[in-house]
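Down below is the structure, laid out as structure tokens.
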Amino acid sequence: MNTIASSPRADHALGSVSEHPTERDASNAADRANAGVGLERQRVIALRSSVVGTALEWYDFFLYGTAAAIVFNVLFFTKLDPMIGTLAAFGSYALGFVVRPLGGFVFGHIGDRIGRKNVLVITLLMMGLSTTLIGFLPTYASIGIAAPILLTLLRLIQGFAAGAEFGGAVTMSAEYAPVNKRGYYASWPGVGVALGVVLSAGVFTLVRQMPEADFMNYGWRIPFILSSIGLAVGMYIRLYVLESPAFEKIKSKKAVQKSPVSAVWKHHRRHLFIAIGARFSENTAGYIFQVWALSYLTAQLKIDASIGLVAVLIGAGLGALLNPFWGMLSDRIGRKPVYILGILVMILGSWPFFMMLETRETPMIIAGFVMMIVFGLYPMFSVQAAFFAELFPPSVRMSGICMARELSSVITGGMAPVIATGLLAYYGGSYYPIIGYLVFMGGVALIALLMAPETRGVIYEEDA
């Protein structure tokens with residue numbers, strides 16, 4: 001009897017059968033319940049962090065684009081012809097996209113090597129500080145050529161940070177999500193993007209109500225300085241986020257890649273090119289319909305800028321509300337059908353969009369923006385998060401997403417306002433070449449989607 005009792009196996013067997021079965025089972029159940037509650041709590045915190053961080057990122061980015069269309073061409077590129085000044089302002093805007101791939105490579109590598117959380121904290125800090133400082137910059141009239149140089153430098157810092165901000169947020173959201181709800185959970189950073197656009201357009205609309213002299217003197221600075229509030233809130237939330245479960249599992253299995261960027265190129269090149277091609281439509285649409293079209297309304301159609309800002313505000317607001325719906329729909333029917341819907345709206349809706357603007361009637365202008373933003377841009381943007389996360393395994397996921405997003409950004413989003421303005425100038429104000437440009441970019445994306453696998457519900461060996 002004593003021999004059996006002294007045996008660990010016997011003790012375990014006796015304990016499990018006769019000693020304290022109820023207490024042991026209850027303890028195990030409590031542990032599992034606590035683990036579930038902890039995971040759910042972290043999932044909520046991760047989603048909040050992603051929404052707030054991406055809202056700040058896109059508030060900053062679209063704020064710069066809006067100011068480039070309305071303010072910077074006058075205050076920072078003063079000595080240039082108005083059309084050339086607009087091109088120069090959008091050129092400084094595009095430079096932010098030139099450095100985004102570098103930021104994506106650097107921070108994507110760090111995110112896959114060290115973890116997602118640290119990257120998200122660093123990029124948020126860089127983005128918020130650079131945007132706030134723009135609000136304090138002297139203009140060309142005060143310090144001459146140094147003004148546009150400093151403006152461009154801060155834009156480069158913005159771009160470097162943005163190279164991984166959204167990619168990191170998407171990675172974190174997707175890795176915290178249940179497999180069968182990945183589209184829904186990963187769509188929430190897109191809500192942050194829409195909120196960023198809404199806040200940017202909304203704040204600019206408010207300050208545009210100031211007398212013109214006051215607005216051009218100091219009013220335009222207010223939206224940039226307000227970025228500091230978003231920075232403080234975002235940092236507070238992100239510091240409480242734990243590392244994603246997928247990355248923790250990779251670390252525990254000692255499966256961290258030494259060179260994630262090289263691994264993406266060597267082993268996942270086809271999916272990388274599919275993701276790059278898919279972005280041709282989404283990224284072009286985002287910056288044509290939410291940034292460049294504002295300058296088209298004011299410079300070409302001589303319509304007050306506040307009308308375009310209100311149109312973008314309404315479109316992005318509705319986009320934010322519907323973004324989780326597109327994510328849920330992709331969980332039901334797949335990523336590709338929803339993404340292709342957005343591409344087709346962009347291609348087929350380009351000509352009606354310009355026709356609606358040409359009416360110069362406010363309801364028609366707003367309807368045009370809503371059509372292209374809500375039903376063209378956001379179905380693509382919402383689904384893209386889960387789609388890209390599922391194209392790459394966890395060990396290289398952040399690098400893969402950042403590389404795809406930022407390499408494509410240079411030739412799509414960043415250059416879109418410059419290309420559109422150049423086409424408009426070269427063809428004497430005709431919008432037909434811009435329609436052709438939009439159709440071409442949509443066609444590239446459609447080919448990429450047709451070649452892509454359906455990724456809904458994919459589980460990699462690293463996840464097991």
Side-chain angles (χ1 to χ4, degrees), residues 34-60 103-104 106-129 131 161-179 181-196 199 227-252 256 260 320 323-324 327 385-386 388-390 392 394-402 405 462-463:
N34 289 335
V37 170
L39 177 60
E40 187 60 34
R41 183 172 180 273
Q42 275 300 310
R43 186 174 286 156
V44 171
I45 295 174
L47 287 182
R48 288 176 181 170
S49 166
S50 297
V51 171
V52 172
T54 51
L56 178 63
E57 175 196 354
W58 293 92
Y59 173 85
D60 294 348
V106 171
F107 287 122
H109 174 88
I110 294 172
D112 283 329
R113 288 280 297 162
I114 300 175
R116 307 4 175 160
K117 175 182 175 176
N118 291 334
V119 169
L120 290 174
V121 171
I122 294 170
T123 55
L124 184 68
L125 189 62
M126 291 175 64
M127 178 70 71
L129 288 177
T131 303
E165 168 60 42
F166 187 76
V170 165
T171 301
M172 185 73 84
S173 298
E175 291 182 346
Y176 264 107
V179 173
K181 295 182 179 180
R182 198 179 281 148
Y184 170 73
Y185 277 86
S187 72
W188 279 95
V191 174
V193 172
L195 290 176
L199 290 172
S227 178
S228 59
I229 299 175
L231 172 62
V233 174
M235 289 294 291
Y236 177 78
I237 294 175
R238 281 203 169 162
L239 289 174
Y240 282 92
V241 179
L242 297 180
E243 190 53 75
S244 81
F247 184 77
E248 291 290 0
K249 189 174 289 186
I250 293 169
K251 281 204 309 182
S252 68
V256 175
N323 210 60
F388 284 12
E390 293 165 338
F392 302 100
S395 62
V396 298
R397 181 168 287 150
M398 191 165 170
S399 293
I401 293 174
C402 291
R405 281 184 52 80
E462 294 175 4
D463 294 315

Open item on the list: Could you go through Ile122 and Phe107, starting from their C-alpha distance and side-chain angles, then the distance that decides it, and tell me whether this counts as side-chain contact (heavy atoms from CB on, under 4.5 Å)?
Closed with: CA-CA 9 Å; Ile122 294 170; Phe107 287 122; 4.0 Å; yes
TODO: Answer yes or no: is there a side-chain heavy-atom contact under 4.5 Å between Val170 and Ile401?
DONE: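 A side-chain contact exists here, since the closest heavy-atom pair is under 4.5 Å.
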Task: Heavy-atom side-chain contact between Glu248 and Leu242 under 4.5 Å - done: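 No, their side chains stay 4.5 Å or more apart.
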What distance separates [X] [atom1] from [Y] [atom2], expressed to the nearest 0.5 Å?
X: Asp112; Y: Thr171; atom1: CG; atom2: OG1; answer: 7.5 Å
X: Met235; Y: Leu56; atom1: CE; atom2: CG; answer: 10.5 Å
X: Ile250; Y: Ser395; atom1: CD1; atom2: OG; answer: 5.5 Å
X: Leu195; Y: Leu199; atom1: CG; atom2: CG; answer: 6.5 Å
X: Phe247; Y: Arg113; atom1: CZ; atom2: CZ; answer: 8.5 Å
X: Met126; Y: Leu231; atom1: CE; atom2: CG; answer: 12.5 Å

Which heavy atom of [X] sits nearest to which heavy atom of [Y], and what is that distance?
X: Gly234; Y: Leu124; answer: C-CD2, 3.4 Å
X: Pro245; Y: Glu175; answer: CD-O, 3.9 Å
X: Met398; Y: Ala164; answer: CE-O, 4.1 Å
X: Ala194; Y: Ala320; answer: CB-CB, 3.4 Å
X: Val119; Y: Gly111; answer: CG2-N, 3.7 Å
X: Ser187; Y: Pro324; answer: OG-CA, 3.4 Å

Is the backbone N or O of [Y] less than 3.5 Å from a side-chain atom of [X], with the two atoms forming a donor-acceptor pair by type?
X: Lys249; Y: Ser244; value: no
X: Arg116; Y: Gly168; value: no
X: Arg397; Y: Ala389; value: yes

Open item on the list: I'd like to know if Lys251 and Glu243 make a salt bridge, using a cut-off of under 4.0 Å between side-chain N and carboxylate O.
Closed with: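 Judged by the 4.0 Å cut-off on N to carboxylate O distance, Lys251 and Glu243 do not form a salt bridge.
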Task: Step-by-step side-chain contact (heavy atoms from CB on, under 4.5 Å) determination, Arg41 to Val44 - done: CA-CA 5 Å; Arg41 183 172 180 273; Val44 171; 5.9 Å; no
Which pairs would a plain distance check flag for residues 46-54, meaning a side-chain donor or acceptor within less than 3.5 Å of a matching protein atom at least two apart in sequence or in another chain?
| unit_1 | atom_1 | unit_2 | atom_2 | d |
| --- | --- | --- | --- | --- |
| Ser49 | OG | Arg238 | NE | 3.0 |
| Ser50 | OG | Ala46 | O | 2.9 |
| Ser50 | OG | Ala169 | O | 3.3 |
| Ser50 | OG | Ser173 | OG | 2.9 |
| Thr54 | OG1 | Ser50 | O | 2.6 |
| Thr54 | OG1 | Val51 | O | 3.2 |
| Thr54 | OG1 | Pro189 | O | 3.0 |

Task: By salt bridge (charged side-chain N to carboxylate O under 4.0 Å, His left out) - contacts of Lys181 (at least two apart) - done: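 In terms of salt bridge (charged side-chain N to carboxylate O under 4.0 Å, His left out), with neighbours along the sequence ignored, Lys181 is linked to no residue.
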Task: Non-neighbouring partners of Arg405 that pass salt bridge (charged side-chain N to carboxylate O under 4.0 Å, His left out), sequence neighbours left out - done: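 Arg405: no salt bridge (charged side-chain N to carboxylate O under 4.0 Å, His left out) contacts found.
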